[in-house]
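Notes for the one structure printed next.
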Amino acid sequence: MVVAGAGISGLAAAYELQCAGIEAVVLEAADRPGGKIDSAPVGGLTVDSGSDGFVARDPAAAELCRRLGLGAELVEPATGGAFVWVDGRLCPLPARSVLGVVWTADAVAGTGVVSEQAVDALARGLARDADPLLRDASVGEVLRPRVGDEVFERLVDPLLGGINAGSADQMSIEACAPPLYEAARRGGPLGPALREVASAQGRDPDREATAPVFQSVSGGVTRIVDALAAELGEAVELAAPVESLELRAARGAGRRWRVTTRSGPVDADGVVLACPAWESARLLEPLAPDAAAVLGAIEYADVALAAFVLPRGRLARPLDGSGFLVPRSQGMLTTACSWASAKWRHYDHEGLAVLRVSAGRADDRRWLDLSEEELVAALASELAATGMVSPADAAGGRFEVRVAPWRRSLPQYRPGHLERAAAVDACLADGTPGLAAAGAALRGVGLPACIRSGQDAAAAVTRAVLC
(Lines give C-alpha, C1' and ligand atoms only; values in the text may rest on other atoms or scores of the structure.)
Protein backbone atom coordinates (compact mmCIF):
# COMPACT_ATOMS: atom_id res chain seq x y z
CA MET A 1 0.00 0.00 0.00
CA VAL A 2 1.00 3.61 -0.53
CA VAL A 3 -0.07 6.49 1.69
CA ALA A 4 0.44 9.92 0.14
CA GLY A 5 1.03 12.43 2.91
CA ALA A 6 2.61 12.10 6.36
CA GLY A 7 0.33 14.42 8.27
CA ILE A 8 -1.56 12.93 11.19
CA SER A 9 -4.18 11.39 8.86
CA GLY A 10 -1.60 9.70 6.66
CA LEU A 11 0.46 8.46 9.59
CA ALA A 12 -2.66 7.08 11.29
CA ALA A 13 -3.65 5.31 8.06
CA ALA A 14 -0.21 3.74 7.66
CA TYR A 15 -0.16 2.68 11.30
CA GLU A 16 -3.52 0.92 10.88
CA LEU A 17 -2.21 -0.90 7.84
CA GLN A 18 0.96 -1.91 9.66
CA CYS A 19 -1.03 -3.19 12.64
CA ALA A 20 -3.09 -5.29 10.22
CA GLY A 21 0.09 -6.83 8.83
CA ILE A 22 -0.08 -4.91 5.55
CA GLU A 23 3.11 -3.36 4.24
CA ALA A 24 2.77 0.35 3.54
CA VAL A 25 5.04 3.14 2.42
CA VAL A 26 4.32 6.77 3.30
CA LEU A 27 5.39 9.36 0.73
CA GLU A 28 5.72 12.89 2.13
CA ALA A 29 6.62 15.95 0.08
CA ALA A 30 8.05 17.91 3.02
CA ASP A 31 11.27 17.24 4.89
CA ARG A 32 9.50 16.24 8.11
CA PRO A 33 6.39 14.26 9.06
CA GLY A 34 3.44 15.75 10.92
CA GLY A 35 1.99 18.26 8.50
CA LYS A 36 0.37 21.01 10.56
CA ILE A 37 1.47 19.38 13.82
CA ASP A 38 4.86 20.83 14.66
CA SER A 39 6.87 22.33 17.50
CA ALA A 40 9.94 24.49 17.82
CA PRO A 41 12.27 25.89 20.50
CA VAL A 42 11.27 29.33 21.81
CA GLY A 43 12.97 31.00 24.75
CA GLY A 44 14.47 27.73 25.97
CA LEU A 45 11.17 25.81 25.73
CA THR A 46 9.81 23.51 23.03
CA VAL A 47 6.40 24.91 22.13
CA ASP A 48 3.71 23.51 19.83
CA SER A 49 3.51 25.73 16.76
CA GLY A 50 0.32 24.12 15.51
CA SER A 51 -2.39 22.39 17.47
CA ASP A 52 -1.56 21.98 21.17
CA GLY A 53 -4.40 19.64 22.17
CA PHE A 54 -7.55 17.86 21.10
CA VAL A 55 -11.18 17.59 22.17
CA ALA A 56 -11.71 14.98 24.86
CA ARG A 57 -15.27 14.00 23.89
CA ASP A 58 -13.98 12.33 20.71
CA PRO A 59 -11.88 9.35 21.86
CA ALA A 60 -9.94 8.71 18.64
CA ALA A 61 -6.81 10.67 19.58
CA ALA A 62 -6.64 9.40 23.17
CA GLU A 63 -7.15 5.82 22.01
CA LEU A 64 -4.34 6.15 19.48
CA CYS A 65 -2.09 7.57 22.20
CA ARG A 66 -2.77 4.54 24.37
CA ARG A 67 -1.94 2.17 21.52
CA LEU A 68 1.33 4.04 21.00
CA GLY A 69 2.29 3.74 24.66
CA LEU A 70 1.47 7.37 25.47
CA GLY A 71 -1.59 6.64 27.58
CA ALA A 72 0.17 7.55 30.81
CA GLU A 73 1.28 10.82 29.19
CA LEU A 74 -2.24 12.09 28.49
CA VAL A 75 -2.89 15.33 30.36
CA GLU A 76 -5.79 17.66 30.97
CA PRO A 77 -5.78 21.46 31.13
CA ALA A 78 -4.51 22.76 34.44
CA THR A 79 -7.04 25.57 34.48
CA GLY A 80 -10.57 26.17 33.31
CA GLY A 81 -12.43 29.20 32.13
CA ALA A 82 -11.68 31.60 29.33
CA PHE A 83 -12.39 35.17 28.32
CA VAL A 84 -13.50 37.24 25.36
CA TRP A 85 -12.11 40.70 24.58
CA VAL A 86 -14.97 43.16 24.03
CA ASP A 87 -15.27 46.90 24.48
CA GLY A 88 -11.79 47.28 25.93
CA ARG A 89 -11.84 44.56 28.57
CA LEU A 90 -11.62 40.83 29.11
CA CYS A 91 -15.01 39.39 30.01
CA PRO A 92 -15.56 35.80 31.20
CA LEU A 93 -17.04 33.33 28.76
CA PRO A 94 -20.10 31.53 30.14
CA ALA A 95 -19.19 28.24 31.78
CA ARG A 96 -22.28 26.39 30.56
CA SER A 97 -22.75 26.40 26.80
CA VAL A 98 -22.75 24.25 23.70
CA LEU A 99 -20.05 25.68 21.41
CA GLY A 100 -20.63 29.15 22.79
CA VAL A 101 -24.43 28.97 22.74
CA VAL A 102 -25.92 29.11 26.23
CA TRP A 103 -29.24 27.45 27.02
CA THR A 104 -30.26 30.10 29.52
CA ALA A 105 -29.86 33.85 29.16
CA ASP A 106 -28.85 34.09 32.83
CA ALA A 107 -25.50 32.54 31.86
CA VAL A 108 -24.42 35.73 30.09
CA ALA A 109 -26.25 38.29 32.22
CA GLY A 110 -23.81 40.48 34.13
CA THR A 111 -20.69 39.13 32.35
CA GLY A 112 -20.22 42.28 30.29
CA VAL A 113 -19.94 40.27 27.09
CA VAL A 114 -23.25 41.58 25.73
CA SER A 115 -25.68 44.36 26.59
CA GLU A 116 -28.81 43.96 28.71
CA GLN A 117 -30.87 44.36 25.56
CA ALA A 118 -28.99 41.44 24.01
CA VAL A 119 -29.63 39.32 27.11
CA ASP A 120 -33.36 40.05 26.81
CA ALA A 121 -33.33 39.21 23.10
CA LEU A 122 -31.47 35.97 23.87
CA ALA A 123 -34.05 34.97 26.50
CA ARG A 124 -36.86 35.47 24.00
CA GLY A 125 -34.99 33.66 21.24
CA LEU A 126 -34.16 30.62 23.36
CA ALA A 127 -37.84 30.25 24.33
CA ARG A 128 -39.22 30.81 20.83
CA ASP A 129 -40.72 27.78 19.11
CA ALA A 130 -39.11 26.69 15.83
CA ASP A 131 -39.61 23.99 13.25
CA PRO A 132 -37.06 21.18 13.16
CA LEU A 133 -34.07 21.88 10.91
CA LEU A 134 -34.47 19.55 7.92
CA ARG A 135 -31.28 20.33 5.98
CA ASP A 136 -27.79 21.62 6.48
CA ALA A 137 -27.46 25.39 6.65
CA SER A 138 -24.96 27.97 7.83
CA VAL A 139 -24.50 28.45 11.55
CA GLY A 140 -25.52 32.06 11.16
CA GLU A 141 -28.71 31.24 9.27
CA VAL A 142 -29.81 28.93 12.07
CA LEU A 143 -28.60 30.80 15.14
CA ARG A 144 -28.78 34.52 14.45
CA PRO A 145 -32.63 34.55 14.62
CA ARG A 146 -32.54 32.50 17.83
CA VAL A 147 -29.76 34.12 19.86
CA GLY A 148 -29.59 37.61 18.37
CA ASP A 149 -26.83 39.35 16.45
CA GLU A 150 -24.89 40.56 19.47
CA VAL A 151 -24.65 37.16 21.16
CA PHE A 152 -23.83 35.55 17.84
CA GLU A 153 -21.06 38.02 17.00
CA ARG A 154 -19.51 38.16 20.49
CA LEU A 155 -19.78 34.52 21.55
CA VAL A 156 -20.65 32.08 18.78
CA ASP A 157 -18.59 33.47 15.92
CA PRO A 158 -15.39 34.05 17.94
CA LEU A 159 -15.49 30.47 19.23
CA LEU A 160 -16.41 28.64 16.01
CA GLY A 161 -14.51 31.12 13.90
CA GLY A 162 -11.46 30.64 16.09
CA ILE A 163 -11.60 26.87 15.73
CA ASN A 164 -12.07 26.98 11.97
CA ALA A 165 -10.47 30.34 11.08
CA GLY A 166 -13.61 31.38 9.25
CA SER A 167 -16.96 33.08 9.58
CA ALA A 168 -19.79 31.28 11.36
CA ASP A 169 -22.16 32.99 8.92
CA GLN A 170 -20.71 30.78 6.18
CA MET A 171 -19.93 27.56 8.08
CA SER A 172 -21.95 24.38 7.74
CA ILE A 173 -23.72 23.80 11.04
CA GLU A 174 -23.79 20.06 10.39
CA ALA A 175 -20.05 19.78 9.71
CA CYS A 176 -18.66 22.49 12.01
CA ALA A 177 -21.08 22.36 14.95
CA PRO A 178 -22.72 18.90 15.19
CA PRO A 179 -24.15 19.48 18.72
CA LEU A 180 -25.85 22.69 17.55
CA TYR A 181 -27.09 20.89 14.45
CA GLU A 182 -28.58 18.15 16.65
CA ALA A 183 -30.32 20.73 18.84
CA ALA A 184 -31.78 22.52 15.82
CA ARG A 185 -32.97 19.22 14.31
CA ARG A 186 -35.05 18.56 17.42
CA GLY A 187 -37.19 21.62 16.79
CA GLY A 188 -39.10 23.53 19.44
CA PRO A 189 -37.40 26.09 21.70
CA LEU A 190 -33.63 26.12 21.35
CA GLY A 191 -32.89 26.48 25.09
CA PRO A 192 -34.41 23.15 26.17
CA ALA A 193 -32.94 21.43 23.10
CA LEU A 194 -29.45 22.61 24.04
CA ARG A 195 -29.94 21.36 27.60
CA GLU A 196 -30.88 17.95 26.19
CA VAL A 197 -27.81 17.90 23.97
CA ALA A 198 -25.61 18.82 26.93
CA SER A 199 -27.16 16.00 28.96
CA ALA A 200 -26.60 13.55 26.08
CA GLN A 201 -22.92 14.51 26.15
CA GLY A 202 -22.77 13.39 29.77
CA ARG A 203 -22.83 16.90 31.23
CA ASP A 204 -25.05 18.20 34.00
CA PRO A 205 -26.71 21.22 32.35
CA ASP A 206 -27.36 22.83 35.74
CA ARG A 207 -23.74 22.74 36.90
CA GLU A 208 -20.47 24.00 35.52
CA ALA A 209 -18.68 21.41 33.43
CA THR A 210 -16.38 19.20 35.51
CA ALA A 211 -15.07 16.87 32.80
CA PRO A 212 -12.18 18.33 30.74
CA VAL A 213 -13.06 19.62 27.30
CA PHE A 214 -9.52 19.13 25.97
CA GLN A 215 -6.59 16.76 26.37
CA SER A 216 -2.99 16.80 25.24
CA VAL A 217 0.20 14.81 25.66
CA SER A 218 2.78 15.86 28.22
CA GLY A 219 5.46 17.68 26.27
CA GLY A 220 3.14 18.57 23.36
CA VAL A 221 1.11 16.83 20.68
CA THR A 222 4.13 16.53 18.40
CA ARG A 223 4.96 13.47 20.51
CA ILE A 224 2.08 11.66 18.79
CA VAL A 225 3.74 12.29 15.43
CA ASP A 226 7.12 11.22 16.82
CA ALA A 227 5.63 7.98 18.16
CA LEU A 228 3.89 7.17 14.89
CA ALA A 229 7.02 7.92 12.87
CA ALA A 230 9.06 5.69 15.19
CA GLU A 231 6.58 2.83 14.76
CA LEU A 232 6.60 3.20 10.97
CA GLY A 233 10.38 3.63 10.73
CA GLU A 234 11.80 3.51 7.22
CA ALA A 235 8.33 3.19 5.76
CA VAL A 236 8.12 7.01 5.94
CA GLU A 237 9.95 8.59 3.01
CA LEU A 238 10.47 12.35 3.25
CA ALA A 239 11.05 14.83 0.42
CA ALA A 240 9.18 12.36 -1.79
CA PRO A 241 6.22 14.15 -3.41
CA VAL A 242 3.78 12.10 -5.43
CA GLU A 243 3.80 13.26 -9.05
CA SER A 244 0.99 11.13 -10.48
CA LEU A 245 -1.25 8.11 -10.03
CA GLU A 246 -2.06 5.51 -12.65
CA LEU A 247 -4.49 2.61 -12.60
CA ARG A 248 -2.47 -0.31 -13.97
CA ALA A 249 -4.65 -3.36 -13.55
CA ALA A 250 -8.27 -4.36 -13.05
CA ARG A 251 -9.67 -5.74 -9.82
CA GLY A 252 -8.06 -9.07 -8.91
CA ALA A 253 -5.32 -8.75 -11.54
CA GLY A 254 -2.34 -8.00 -9.33
CA ARG A 255 -0.96 -4.70 -8.17
CA ARG A 256 -3.30 -2.20 -9.74
CA TRP A 257 -1.78 1.18 -8.87
CA ARG A 258 1.40 2.89 -10.00
CA VAL A 259 2.49 5.88 -7.94
CA THR A 260 5.11 8.03 -9.63
CA THR A 261 7.66 9.95 -7.57
CA ARG A 262 10.82 11.88 -8.48
CA SER A 263 12.88 8.83 -7.56
CA GLY A 264 10.83 6.44 -9.65
CA PRO A 265 7.55 4.51 -9.66
CA VAL A 266 6.04 2.54 -6.79
CA ASP A 267 3.50 -0.19 -7.52
CA ALA A 268 0.85 -0.87 -4.91
CA ASP A 269 -2.38 -2.74 -4.27
CA GLY A 270 -4.04 0.36 -2.84
CA VAL A 271 -3.51 4.07 -2.20
CA VAL A 272 -4.62 6.43 0.55
CA LEU A 273 -4.52 10.08 -0.46
CA ALA A 274 -3.92 12.00 2.79
CA CYS A 275 -2.92 15.24 1.07
CA PRO A 276 -4.41 18.72 1.22
CA ALA A 277 -7.58 18.89 -0.85
CA TRP A 278 -6.04 20.76 -3.76
CA GLU A 279 -3.20 18.24 -4.05
CA SER A 280 -5.57 15.26 -3.90
CA ALA A 281 -7.67 17.00 -6.56
CA ARG A 282 -4.63 17.30 -8.85
CA LEU A 283 -3.81 13.62 -8.51
CA LEU A 284 -7.42 12.53 -8.97
CA GLU A 285 -8.26 14.69 -11.99
CA PRO A 286 -7.35 12.02 -14.61
CA LEU A 287 -8.95 9.21 -12.60
CA ALA A 288 -12.01 10.61 -10.84
CA PRO A 289 -12.78 14.12 -12.16
CA ASP A 290 -16.02 14.44 -10.19
CA ALA A 291 -14.26 13.78 -6.89
CA ALA A 292 -11.41 16.04 -7.97
CA ALA A 293 -13.84 18.88 -8.68
CA VAL A 294 -15.34 18.65 -5.19
CA LEU A 295 -11.96 18.59 -3.46
CA GLY A 296 -10.50 21.31 -5.67
CA ALA A 297 -13.33 23.70 -4.79
CA ILE A 298 -12.64 23.62 -1.03
CA GLU A 299 -11.39 26.98 0.23
CA TYR A 300 -8.62 27.18 2.81
CA ALA A 301 -7.82 29.86 5.38
CA ASP A 302 -4.33 31.27 5.95
CA VAL A 303 -3.38 31.67 9.61
CA ALA A 304 -0.32 32.51 11.66
CA LEU A 305 0.56 31.45 15.18
CA ALA A 306 3.09 33.43 17.20
CA ALA A 307 4.48 31.86 20.37
CA PHE A 308 5.64 34.52 22.83
CA VAL A 309 7.82 33.43 25.76
CA LEU A 310 8.63 35.97 28.47
CA PRO A 311 9.47 36.02 32.18
CA ARG A 312 6.31 35.46 34.19
CA GLY A 313 7.12 38.56 36.24
CA ARG A 314 6.66 40.72 33.15
CA LEU A 315 3.02 39.75 32.74
CA ALA A 316 0.70 42.65 33.43
CA ARG A 317 -2.11 40.38 34.67
CA PRO A 318 -2.41 36.87 36.13
CA LEU A 319 -3.06 33.93 33.81
CA ASP A 320 -6.30 32.98 35.55
CA GLY A 321 -7.77 30.97 32.71
CA SER A 322 -6.87 29.30 29.44
CA GLY A 323 -6.87 32.44 27.30
CA PHE A 324 -9.20 34.72 25.39
CA LEU A 325 -11.00 35.11 22.08
CA VAL A 326 -11.32 38.28 20.02
CA PRO A 327 -14.50 38.94 17.99
CA ARG A 328 -13.94 40.28 14.49
CA SER A 329 -15.89 43.42 15.44
CA GLN A 330 -12.96 44.49 17.64
CA GLY A 331 -10.82 45.05 14.54
CA MET A 332 -7.69 43.31 15.83
CA LEU A 333 -5.29 41.06 13.98
CA THR A 334 -5.39 38.73 16.99
CA THR A 335 -8.17 36.16 16.81
CA ALA A 336 -7.25 34.33 20.02
CA CYS A 337 -4.56 34.20 22.70
CA SER A 338 -3.92 30.90 24.47
CA TRP A 339 -2.29 31.21 27.88
CA ALA A 340 -0.38 28.01 27.22
CA SER A 341 1.74 28.03 30.39
CA ALA A 342 -1.43 28.20 32.50
CA LYS A 343 -3.33 25.74 30.34
CA TRP A 344 -0.69 23.00 30.14
CA ARG A 345 1.67 22.10 32.97
CA HIS A 346 4.44 21.06 30.58
CA TYR A 347 4.90 24.74 29.71
CA ASP A 348 4.76 25.94 33.30
CA HIS A 349 8.31 26.02 34.59
CA GLU A 350 11.42 28.15 35.05
CA GLY A 351 9.38 31.26 35.75
CA LEU A 352 8.37 31.66 32.12
CA ALA A 353 5.01 32.48 30.56
CA VAL A 354 3.96 31.15 27.16
CA LEU A 355 1.34 33.06 25.15
CA ARG A 356 0.27 31.57 21.81
CA VAL A 357 -1.33 34.28 19.68
CA SER A 358 -3.33 33.43 16.55
CA ALA A 359 -4.05 35.68 13.57
CA GLY A 360 -5.92 35.25 10.32
CA ARG A 361 -9.32 34.13 9.11
CA ALA A 362 -10.62 33.04 5.73
CA ASP A 363 -12.02 36.55 5.32
CA ASP A 364 -9.17 38.40 7.07
CA ARG A 365 -5.84 38.07 5.31
CA ARG A 366 -4.23 41.29 6.60
CA TRP A 367 -1.34 39.46 8.23
CA LEU A 368 -0.15 38.26 4.83
CA ASP A 369 0.69 41.85 3.90
CA LEU A 370 3.08 42.19 6.85
CA SER A 371 6.68 41.11 7.24
CA GLU A 372 7.37 38.79 10.16
CA GLU A 373 8.82 41.71 12.12
CA GLU A 374 5.74 43.83 11.43
CA LEU A 375 3.41 40.99 12.41
CA VAL A 376 5.25 40.39 15.69
CA ALA A 377 5.17 44.11 16.48
CA ALA A 378 1.44 44.31 15.74
CA LEU A 379 0.59 41.27 17.86
CA ALA A 380 2.81 42.47 20.70
CA SER A 381 1.03 45.82 20.61
CA GLU A 382 -2.30 44.03 20.87
CA LEU A 383 -1.02 42.02 23.83
CA ALA A 384 -0.34 45.34 25.49
CA ALA A 385 -3.75 46.72 24.47
CA THR A 386 -5.48 43.73 26.06
CA GLY A 387 -3.55 44.20 29.29
CA MET A 388 -1.31 41.13 28.98
CA VAL A 389 2.02 42.98 28.94
CA SER A 390 3.10 46.54 29.47
CA PRO A 391 3.33 48.87 26.46
CA ALA A 392 7.03 49.35 27.20
CA ASP A 393 7.74 45.62 27.14
CA ALA A 394 5.70 45.21 23.94
CA ALA A 395 7.50 48.06 22.20
CA GLY A 396 10.90 46.98 23.53
CA GLY A 397 10.54 43.39 22.38
CA ARG A 398 11.22 42.01 25.85
CA PHE A 399 10.26 38.49 24.90
CA GLU A 400 11.29 35.58 22.71
CA VAL A 401 8.93 34.84 19.84
CA ARG A 402 8.57 32.40 16.98
CA VAL A 403 6.04 32.82 14.19
CA ALA A 404 4.62 29.80 12.38
CA PRO A 405 2.89 30.90 9.17
CA TRP A 406 0.34 28.30 8.11
CA ARG A 407 -0.66 29.04 4.51
CA ARG A 408 -3.78 27.26 3.23
CA SER A 409 -4.04 25.46 6.53
CA LEU A 410 -7.71 25.20 7.56
CA PRO A 411 -10.36 23.98 5.11
CA GLN A 412 -13.65 25.86 5.15
CA TYR A 413 -16.79 23.74 5.41
CA ARG A 414 -19.69 25.41 3.61
CA PRO A 415 -23.31 24.19 3.94
CA GLY A 416 -23.68 20.79 2.32
CA HIS A 417 -20.05 19.88 3.01
CA LEU A 418 -20.65 16.43 4.52
CA GLU A 419 -22.89 15.49 1.61
CA ARG A 420 -20.11 16.46 -0.78
CA ALA A 421 -17.56 14.52 1.29
CA ALA A 422 -19.80 11.45 1.08
CA ALA A 423 -20.01 11.94 -2.68
CA VAL A 424 -16.20 11.89 -2.88
CA ASP A 425 -16.08 8.62 -0.96
CA ALA A 426 -18.78 7.06 -3.13
CA CYS A 427 -17.12 8.23 -6.34
CA LEU A 428 -13.78 6.69 -5.37
CA ALA A 429 -15.32 3.47 -4.07
CA ASP A 430 -17.28 2.95 -7.29
CA GLY A 431 -14.84 4.21 -9.89
CA THR A 432 -11.39 3.65 -8.40
CA PRO A 433 -11.62 0.79 -5.86
CA GLY A 434 -8.48 0.54 -3.77
CA LEU A 435 -8.12 4.33 -3.70
CA ALA A 436 -9.44 6.40 -0.77
CA ALA A 437 -9.09 9.98 0.45
CA ALA A 438 -8.40 11.17 3.98
CA GLY A 439 -7.55 14.35 5.83
CA ALA A 440 -8.85 17.54 7.37
CA ALA A 441 -10.70 18.55 4.21
CA LEU A 442 -13.32 15.86 4.72
CA ARG A 443 -14.93 15.45 8.15
CA GLY A 444 -13.20 17.57 10.75
CA VAL A 445 -10.08 19.67 11.30
CA GLY A 446 -9.25 18.47 14.82
CA LEU A 447 -6.78 15.69 15.64
CA PRO A 448 -9.42 13.05 16.50
CA ALA A 449 -11.33 13.67 13.27
CA CYS A 450 -8.15 13.55 11.17
CA ILE A 451 -6.96 10.38 12.89
CA ARG A 452 -10.30 8.69 12.30
CA SER A 453 -10.26 9.85 8.69
CA GLY A 454 -6.96 8.10 8.12
CA GLN A 455 -8.11 4.96 9.91
CA ASP A 456 -11.33 4.82 7.88
CA ALA A 457 -9.46 5.31 4.62
CA ALA A 458 -7.05 2.50 5.49
CA ALA A 459 -9.99 0.20 6.24
CA ALA A 460 -11.74 1.14 2.98
CA VAL A 461 -8.65 0.44 0.88
CA THR A 462 -8.05 -2.85 2.67
CA ARG A 463 -11.62 -4.00 2.03
CA ALA A 464 -11.36 -3.10 -1.64
CA VAL A 465 -8.08 -4.93 -2.09
CA LEU A 466 -9.27 -8.08 -0.30
CA CYS A 467 -12.53 -8.31 -2.24
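Along the sequence shown, residues are numbered consecutively beginning with 1. Quick caveat: nothing in here was measured; it's all calculated off a predicted structure.
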Handout entry: Side chain Thr432, main chain Leu428, donor-acceptor under 3.5 Å
Key = yes

Practice task
Taking the side chain as every heavy atom from C-beta outward, state whether Leu90 and Val84 have any atom pair closer than 4.5 Å.
Solution key: no

Problem - Residues Trp344 and Asp52: side-chain donor-acceptor under 3.5 angstrom - result: yes

Problem - Exercise: identify the closest heavy-atom pair between Val303 and Trp367 - result: O-CZ2, 3.3 Å

Distance-only donor-acceptor hits, side chain of residues 277-287, under 3.5 Å, sequence neighbours excluded:
unit_1: Glu279; atom_1: OE1; unit_2: Arg282; atom_2: NE; d: 3.4
unit_1: Glu279; atom_1: OE2; unit_2: Arg282; atom_2: NE; d: 3.2
unit_1: Glu279; atom_1: OE2; unit_2: Arg282; atom_2: NH2; d: 2.5
unit_1: Arg282; atom_1: NH1; unit_2: Glu243; atom_2: O; d: 2.9
unit_1: Arg282; atom_1: NH2; unit_2: Val242; atom_2: O; d: 2.8

Handout entry: For Phe83, ring-ring contact (aromatic ring centres under 6.0 Å, His included) partners two or more places apart
Key = Trp339

Problem - Test: Asp157 and Arg328 ion pair at under 4.0 Å - result: yes

Problem - Residue pairs fulfilling ring pair (Phe, Tyr, Trp, His ring centres under 6.0 Å) with at least one residue in residues 411-440, sequence neighbours excluded - result: Tyr413-His417

Practice task
Apply side-chain contact (heavy atoms from CB on, under 4.5 Å) to Arg312 and list each qualifying residue two or more places apart in sequence or on a separate chain.
Solution key: Leu315, Leu319, Ser341, Asp348

For residues 8-19, tabulate all N or O donor-acceptor pairs below 3.5 Å that involve a side-chain atom, not counting sequence neighbours.
unit_1: Ser9; atom_1: OG; unit_2: Cys450; atom_2: O; d: 2.9
unit_1: Glu16; atom_1: OE2; unit_2: Arg67; atom_2: NH1; d: 2.5
unit_1: Glu16; atom_1: OE2; unit_2: Arg67; atom_2: NH2; d: 3.0
unit_1: Gln18; atom_1: NE2; unit_2: Glu231; atom_2: O; d: 3.1

Problem - Ionic contact status for Asp364 with Arg366, cut-off 4.0 Å - result: yes

Practice task
Answer with yes or no whether the side chains of Glu382 and Thr334 bring together a donor and an acceptor at under 3.5 Å.
Solution key: yes

Problem - Test item: Leu435 and Val461 side chains (from C-beta on) under 4.5 Å apart, heavy atoms - result: no

Problem - Check: Phe308 and Leu383 side chains under 4.5 Å, non-hydrogen atoms - result: yes

Practice task
For the pair Arg258 (side chain) and Ala268 (backbone), establish whether a donor and an acceptor sit closer than 3.5 Å, ignoring hydrogens and angles.
Solution key: no

Exercise for the section: Taking atom types as modelled, find out whether Asp136 and Ser172 have a side-chain donor-acceptor pair closer than 3.5 angstrom. Expected result: yes

Kindly list each side-chain donor-acceptor pair under 3.5 angstrom involving residues 439-448, sequence neighbours excluded, with atom names and distances?
unit_1: Arg443; atom_1: NH1; unit_2: Asp425; atom_2: OD2; d: 2.9
unit_1: Arg443; atom_1: NH2; unit_2: Asp425; atom_2: OD2; d: 2.7

